[in-house]
Amino acid sequence: MTQTATEPQHQTFPPPADLAAGAVATADLYEEAATDRLAFWGRQANELLTWDTAPTQVLDWSDAPFAKWFADGKLNAAANCVDRHVAAGNGNRVAFHWVGEPGDTVTVTYADLHAQVQRAANALSDLGVRTGDRVAIYLPMIPEAVVAMLACARLGAPHSVVFSGFSAQALRDRVDDAQAVAVITADGGYRRGEPAPLKPAVDAALETKDGVESTVKAVLVVQRTKGEVAWTQGRDHWWHEALAAAAPTHEPVSVEAEHPLFVLYTSGSTGKPKGILHTTGGYLTQAAYTHRNVFDLHPETDVYWCGADIGWVTGHTYIVYGPLLNGATSVMYEGTPNTPTQDRWWQIVETYGVTKLYTAPTTIRTFMKWGEELVSGHDLSSLKVLGSVGEPINPEAWTWYRRVIGGDRTPVVDTWWQTETGGIMISALPGVTTLKPGSAQVPLPGISVEVVDDEGRVLPAGHEGAGYLVLTEPWPGMLRGIWGDDERYRDTYWSRFRDQGWYFAGDGARRDADGDVWLLGRVDDVMNVSGHRISTTEVESALVSHSSVAEAAVVGASDPTTGQGIVAFVILRESAHGADPASIGQELRNHVAREISPIAKPRQVFVVSELPKTRSGKIMRRLLRDVAEDRQVGDVTTLADSSVMASIQAGMSAGKSSDG
Ligand code: WTA
């Protein structure tokens with residue numbers, strides 16, 4: 001989004017003196033990492049993790065772009081997140097203050113996690129799950145989601161968490177791609193004050209389709225809403241019964257550092273989601289390191305809250321692995337921020353004395369819309385550091401966040417990273433960096449980035465034009481590939497700047513005169529809606545799967561709340577001509593929500609008679625974006641038929657649109 005990239009705001013915020021005085025991360029970290037980057041990462045791995053066999057190697061990049069970090073080390077992720085804290089005498093420390101949407105609460109200590117994760121690992125093992133098998137997790141934001149992930153990690157069975165807002169079809173695609181042998185789900189969860197069923201989507205997903213059986217042999221079902229569920233004998237098992245029947249102790253499986261920890265699907269620029277593969281030792285090192293330093297984590301006293309969902313990478317790294325590795329106490333909340341009232345979050349911050357809060361710009365802008373009064377009635381003086389992630393944060397939202405939520409006192413760290421990077425890459429350090437609203441600022445110690453032009457020339461600080469963000473050195477949390485598709489891995493990330501050996505992030509960026517990085521949004525066909533990545537092709541495929549649609553083109557148009565909004569242009573089939581554009585628009589929006597997820601629902605659907613194409617047949621999205629953003633349409637000379645845009649605009653102004 002270009003709005004964040006205009007002129008850097010002149011106002012800056014030095015670190016608060018008391019925070020700087022006791023900060024976990026100090027300026028010498030930069031120096032240490034710059035002196036010997038690999039030795040620096042080696043130290044982090046050894047200090048932050050507990051290894052069964054300590055690694056002697058740091059990085060093996062000989063098979064680039066397939067990295068090996070800490071390759072001769074062995075460890076277990078769940079033992080690092082849980083067992084060692086219990087062994088150190090911290091079993092009574094709270095791991096999660098969990099808050100259910102209806103108001104029920106659960107306090108989960110590290111000892112509780114230890115007991116449950118062991119039983120869950122045994123239950124999975126009793127159901128036939130073996131080290132290396134993939135397990136899909138399709139759960140709402142309940143404590144069992146964390147237990148399920150850690151139980152998989154304990155067995156060395158990579159998890160594939162599928163966001164519970166995804167459709168049955170999306171779940172099936174992901175189960176098939178990873179060839180998952182089991183699914184862990186729930187009867188339902190609470191959303192917007194209502195129980196929302198989940199199990200029916202699993203049943204639909206696992207049906208035999210076109211004669212093809214799913215690879216799933218077992219389904220574990222957590223009882224949350226206690227609604228009626230259909231049951232497949234032999235396949236379905238209640239979580240509580242399976243755990244009660246399982247043995248109480250379980251020896252964690254010691255795996256090699258490069259053993260897969262999880263696969264997480266994310267949208268790319270084609271319709272098929274990519275299974276991003278993360279392995280154990282490097283990912284955990286970066287998760288622990290970034291969580292500790294970026295949030296200035298003091299585990300004995302902090303109460304940390306990340307408002308993401310475990311279905312996204314932010315939930316993986318900053319609800320589960322980072323905080324648990326560091327022995328943190330977290331808040332975990334099941335529901336929506338406006339249920340039952342719009343100040344639910346601030347009640348929670350006040351009740352638990354939250355000190356560190358991590359959320360997305362779209363959420364902050366929603367709170368801005370709801371008004372400061374909702375915040376001012378609450379005592380938020382416990383807050384010390386605020387974080388932002390998911391998209392560029394515009395300076396207005398940044399300053400509002402700091403002033404209204406942070407009481408004009410707290411640093412706000414804008415953290416840039418991706419599913420692929422595993423953990424935070426660019427961010428201020430709250431006790432070190434003088435903050436500049438709207439800029440993600442500087443790479444963390446140990447991370448190397450540049451902003452470059454099309455030819456790979458480095459754009460210096462203060463360079464006027466925008467370039468591409470690249471990562472110039474491998475990092476421990478980096479993806480190790482795309483599940484089952486090495487070629488796509490090379491093509492997507494490593495081909496654009498092959499000669500230099502740089503990772504292409506897919507984000508536009510510029511560097512201001514101080515060298516601070518400003519992110520400018522995606523440069524590919526990926527949209528960013530409320531911090532969720534959705535590809536234009538994915539939505540287009542969903543639209544053309546509807547019987548009324550002949551052709552579709554989708555663009556992301558800037559949106560004041562969600563960052564981008566999805567705008568679709570569709571050509572109807574002959575059979576649907578004469579249909580009421582408003583009702584067909586509504587029908588298509590619902591269709592996309594069913595096919596993919598409500599998060600992919602177009603904001604607007606425009607029925608048009610033609611789409612702007614080049615002579616080679618490529619849709620010119622740039623022009624459609626102009627229309628969707630209500631701008632004057634740019635250069636049309638490369639169109640096969642230059643009158644198309646005029647007819648689209650005429651059709652739209654004649655009211656042939658739908659934005660119900
Ligand atoms: C965008 C989420 C600007 C960016 C952790 C990136 C950001 C994509 C920021 C990854 C930020 C994330 N400033 N843009 N602080 N954080 N992005 O994989 O376009 O869901 O490439 O990971 O979100 O989205 P993903």
Side-chain angles (χ1 to χ4, degrees), residues 1-5 161 163 262-269 273-278 283 286-287 290-291 294 306-319 321-322 358-364 386-395 397-398 401 412-428 435-444 447 449 451 466 468-471 477-479 482 492-493 503-510 516-535 556 558 562-564 597 599-600:
M1 290 203 350
T2 40
Q3 60 176 16
T4 60
V161 180
F163 173 53
F262 65 85
V263 178
L264 180 60
Y265 286 84
T266 187
S267 291
S269 45
K274 308 180 275 200
I276 303 301
L277 171 65
H278 284 287
Y283 168 81
Q286 193 160 341
T290 53
H291 180 256
V294 172
C306 167
D309 189 286
I310 53 133
W312 311 112
V313 75
T314 307
H316 283 56
T317 310
Y318 298 107
I319 293 176
Y321 290 108
Y358 194 26
T359 187
T362 182
T363 310
I364 298 162
L386 305 176
S388 172
V389 59
E391 55 175 310
I393 179 165
N394 46 312
W398 194 105
Y401 194 25
V412 172
V413 289
D414 175 14
T415 64
W416 179 90
W417 60 295
Q418 309 179 299
T419 305
E420 291 86 343
T421 68
I424 297 169
M425 303 292 279
I426 304 178
S427 168
L435 302 170
K436 198 185 274 178
S439 167
Q441 300 197 275
V442 283
L444 289 180
I447 301 298
V449 315
V451 175
Y468 303 110
L469 182 71
V470 295
L471 307 173
M478 68 194 292
L479 76 166
I482 293 176
T492 310
Y493 307 107
Y503 170 93
F504 174 64
D507 278 292
R510 61 180 278 266
D516 284 326
V517 178
W518 293 71
L519 277 311
L520 308 175
R522 305 285 310 186
V523 294
D524 52 12
D525 291 332
V526 175
M527 299 173 287
N528 189 328
V529 182
S530 298
H532 303 317
R533 279 163 68 168
I534 301 163
S535 85
S558 65
T562 60
Q564 284 190 309
S597 161
I599 59 175

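As a basis for the values below, the full set of heavy atoms in this structure was taken, side chains included, without hydrogen atoms, waters or symmetry mates. In each ligand, atom 1 is the first atom listed, and ligand 1 is the first ligand listed.
Numbered from 1 in the order shown, with element, the atoms of ligand 1 that lie under 4.0 Å from a heavy atom of Leu519 read 3 (C). Close approach of ligand 1 to Val313 (heavy-atom distance below 4.0 Å) involves ligand atoms 5 (C), 22 (O). Heavy-atom proximity to Val389, at under 4.0 Å, picks out these atoms of ligand 1: 5 (C). Counting atoms of ligand 1 from 1 in the listed order, those under 4.0 Å from a heavy atom of Thr415 are 9 (C), 11 (C), 15 (N), 16 (N).
Remark: minimum distance from atom 18 (O) of ligand 1 to any protein heavy atom is reached at Thr419 OG1, 2.5 Å. Nearest non-hydrogen protein atom to atom 3 (C) of ligand 1 is Pro392 N, 3.1 Å. Nearest protein heavy-atom contact of atom 21 (O) of ligand 1 is Asp507 OD2, 2.5 Å.
Using a 4.0 angstrom heavy-atom cutoff, Gly390 counts as in contact with ligand 1. Under a 4.0 angstrom heavy-atom cut-off, Trp417 registers as being in contact with ligand 1.
Neither the backbone nor the side chain of Ile426 comes within 4.0 Å of ligand 1, counting heavy atoms alone.
Looking at His316, its side chain does come within 3.5 Å of a backbone N or O of Trp312 through a donor-acceptor pair. A distance-only check finds a donor-acceptor pair linking the side chain of Ser267 to the backbone of Arg533 [under 3.5 Å]. Remark: side-chain polar atoms of Tyr318 are paired, donor with acceptor, to backbone N or O of Ile424 under 3.5 angstrom.
Between Phe163 and Tyr265, the ring center distance fails the sub-6.0 Å criterion.
Classified by interplanar angle (parallel below 30°, tilted 30° to 60°, perpendicular above 60°), the ring pair Tyr283/Tyr321 is perpendicular.
Between the side chains of Gln418 and Tyr503, at least one donor N or O sits under 3.5 Å from an acceptor N or O.
Across Ile599 and Ile534, no two heavy atoms sit closer than the pair O-CD1, 3.4 Å.
The option from Glu391, Gln418, Arg533, His532 that lies nearest to atom 9 (C) of ligand 1, judged by heavy atoms, is Glu391.
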